[in-house]
Every structure is written in C-alpha cells, then in structure tokens.
Amino acid sequence: GHLVAGFVEMDVSDDESVARSVPGISNLVGGKLDLLVNNAGIGYPDRTFGAEEARAIVNINTKGTIRATRALLPLLSAANSGRIVNV
C-alpha cells in the first residue's frame with residue numbers, strides 16, 4: 001500500500017459542499033478510499049445553548065456524519081476493505 005495525503009475542503013453541514021468534495025477526494029485517492037474518519041463536531045457552553053444551537057449540533061454532529069458517509073460510501077466500497085471511524 002501507499003500513503004496519500006492531501007486536502008479537500010468539505011463543510012459537512014452543507015449537502016452541496018459534501019457533494020462537491022467527492023470528485024476531488026476520488027481523484028486524490030484513485031477512486032478507492034480505505035478509511036473515512038468522521039471527526040467534525042461542535043458544542044456550546046450551557047449558558048448559550050438554545051434551539052438554534054441544538055439544530056446546529058444535530059446538523060453537524062449527526063447529519064454531517066451521515067452526509068459524509070453516504071457521499072463517500074462508493075469510494076469505500078471500491079476499496080473492498082474500506083473502514084469508517086466515527087469519533
């Protein structure tokens with residue numbers, strides 16, 4: 001195997017950003033992704049936590065993980081041994 005390093009911007013809170021990132025990731029890894037680490041997440045101090053903050057947390061911490069995983073699943077499948085780590 002070989003190590004590939006690079007940078008592709010992805011905002012997991014935005015469907016279009018996630019979709020736009022996939023071709024760049026695919027090009028970088030040759031169409032096969034061995035490992036996806038879902039590590040994006042946010043939090044707020046108790047004193048500033050309200051409905052809007054709750055929506056943002058769910059959108060990024062939960063839905064963002066789902067968005068990224070679904071978008072990159074074809075590349076993980078192409079690797080035959082792709083792995084997903086949720087942090």
Side-chain angles (χ1 to χ4, degrees):
H2 62 281
L3 178 64
V4 176
F7 177 81
V8 177
E9 184 176 350
M10 177 193 289
D11 177 355
V12 298
S13 71
D14 178 31
D15 290 327
E16 292 177 10
S17 174
V18 172
R20 281 192 311 269
S21 72
V22 174
I25 294 168
S26 182
N27 289 337
L28 185 65
V29 299
K32 297 179 181 180
L33 184 61
D34 294 316
L35 178 65
L36 168 62
V37 178
N38 287 308
N39 193 42
I42 60 170
Y44 293 92
D46 289 342
R47 68 182 185 286
T48 60
F49 190 82
E52 192 60 37
E53 291 79 13
R55 277 190 286 279
I57 286 172
V58 169
N59 188 38
I60 292 172
N61 298 6
T62 303
K63 292 181 180 179
T65 297
I66 294 167
R67 278 185 197 101
T69 301
R70 284 185 176 164
L72 295 169
L73 200 53
L75 299 179
L76 290 158
S77 294
N80 293 323
S81 60
R83 301 286 187 254
I84 300 168
V85 177
N86 294 319
V87 179

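The two residues Ala40 and Val12 have their closest heavy-atom pair at CB-CG2, 3.8 Å. Nearest approach of Ala78 to Gly31, heavy atoms of both residues: CB-O, 3.4 Å.
Considering CG of Asn80 and CG of Asp34, their distance stands at 10.0 Å, rounded to 0.5 Å. Atom CG in Leu28 sits 9.5 Å away from atom CG in Leu33 (nearest 0.5 Å).
Residues Leu72 and Val37 fall into different hydrophobic clusters, defined by Ile, Leu, Val, Met, Phe, Trp and Tyr side chains chained together at heavy-atom separations under 4.5 Å. Residues Ile60 and Val87 do not share a hydrophobic cluster, clusters being chains of Ile/Leu/Val/Met/Phe/Trp/Tyr side chains in contact below 4.5 Å. One hydrophobic cluster, built from ILVMFWY side chains closer than 4.5 Å, holds both Ile25 and Leu73. Cluster membership for Val8 and Leu76, using ILVMFWY side-chain heavy atoms within less than 4.5 angstrom, is shared.
Arg70 is not listed as a side-chain neighbour of Val18, based on a closest heavy-atom distance of 4.5 Å or more. Looking only at side-chain heavy atoms (C-beta outward), Ile84 and Asn38 come within less than 4.5 Å of each other.
Using a 3.5 Å distance cut-off with no hydrogens or angles, the side chains of Asn59 and Arg67 do pair a donor with an acceptor.
Not one N or O on the side chain of Ser26 forms a donor-acceptor pair closer than 3.5 Å with the backbone of Val22. A distance-only check finds a donor-acceptor pair linking the side chain of Ser17 to the backbone of Asp11 [under 3.5 Å].
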